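Notes for the one structure printed next.
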Amino acid sequence: MAETITVENFAEYVGTDDTGDFTASCLTAGHALVDKFQGDAEVPAQVHVQAVFICASEIFHRRNSPQGVTQFAAMDGNPIRAAKDPMNAARELLRPYVSFGV
């Protein structure tokens with residue numbers, strides 16, 4: 001992969017100054033999940049980077065979503081549920097490049 005993802009890049013992506021252990025562990029977990037889903041498929045470097053950022057940011061923001069409910073509310077006043085699978089959006093981004101055999 002041509003692009004290296006650093007904790008500093010990820011911290012900027014999620015809007016934090018924290019580049020410590022928690023942020024690094026979220027990035028590591030996101031990277032592992034994307035790599036597992038991607039397997040041996042050839043994915044453009046920038047798509048891979050975005051997928052890692054998206055997945056890792058889902059994991060990062062979970063600490064602010066107790067019981068899967070975000071701190072934001074819908075316009076009608078109902079709470080919004082956070083996705084249980086951090087790969088939801090990343091999977092869709094990678095799907096055109098990852099083929100599944102039957």
Side-chain angles (χ1 to χ4, degrees):
M1 186 173 103
E3 180 94 14
T4 301
I5 303 170
T6 65
V7 175
E8 292 78 18
N9 298 133
F10 175 62
E12 182 179 343
Y13 181 84
V14 294
T16 186
D17 294 330
D18 176 18
T19 57
D21 291 342
F22 177 73
T23 304
S25 69
C26 292
L27 178 58
T28 300
H31 218 303
L33 287 168
V34 168
D35 288 348
K36 175 75 174 171
F37 180 78
Q38 179 178 325
D40 294 333
E42 290 212 19
V43 175
Q46 287 302 317
V47 173
H48 177 82
V49 167
Q50 284 302 310
V52 170
F53 279 168
I54 289 167
C55 182
S57 70
E58 289 286 335
I59 296 167
F60 179 86
H61 289 294
R62 279 188 179 181
R63 73 177 173 179
N64 294 326
S65 305
Q67 278 69 43
V69 178
T70 66
Q71 293 181 354
F72 306 103
M75 296 303 284
D76 60 5
N78 291 321
I80 300 171
R81 283 233 167 260
K84 291 184 179 189
D85 181 359
M87 280 291 293
N88 276 349
R91 188 178 292 111
E92 294 308 312
L93 186 64
L94 294 168
R95 195 172 306 280
Y97 305 99
V98 178
S99 62
F100 297 97
V102 178

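Atoms considered below: every heavy atom in the structure, side chains included; atoms not considered: hydrogens, waters and symmetry mates. One-based numbering along the sequence shown. If you're wondering where the values come from, they're calculated on a predicted model, not measured in any experiment.
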Which pair of non-hydrogen atoms, one from [X] and one from [Y], has the smallest distance, and what is that distance?
X	Y	result
V7	A24	CG2-CB, 3.9 Å
V52	G30	CG1-C, 4.4 Å
D18	A11	O-CB, 3.7 Å

Set out, in order, the CA-CA distance, both residues' side-chain angles and the distance that settles side chain to side chain contact (heavy atoms under 4.5 Å, CB included) for V98 and R91, then state yes or no. CA-CA 9 Å; V98 178; R91 188 178 292 111; over 6 Å; no

Quick one: [atom1] on [X] to [atom2] on [Y], what's the gap to the nearest 0.5 Å?
X	Y	atom1	atom2	answer
C26	H31	SG	NE2	14.0 Å
E12	T19	CD	OG1	12.0 Å
Q46	H48	CD	NE2	10.5 Å
I59	F22	CD1	CZ	9.0 Å
T16	F10	OG1	CZ	9.5 Å
C55	Q50	SG	CD	12.5 Å

Does some side-chain heavy atom of [Y] sit less than 4.5 Å from a side-chain heavy atom of [X]?
X	Y	result
Y97	E42	no
N88	E58	no
I54	Y13	yes
F60	L27	no

Does CD in E92 sit with more than 12 non-hydrogen atoms of other residues, nucleotides or ligands closer than 6.0 Å? yes

Quick check against the 3.5 Å criterion: does D35 have a side-chain atom that pairs as donor or acceptor with the backbone of A32? no

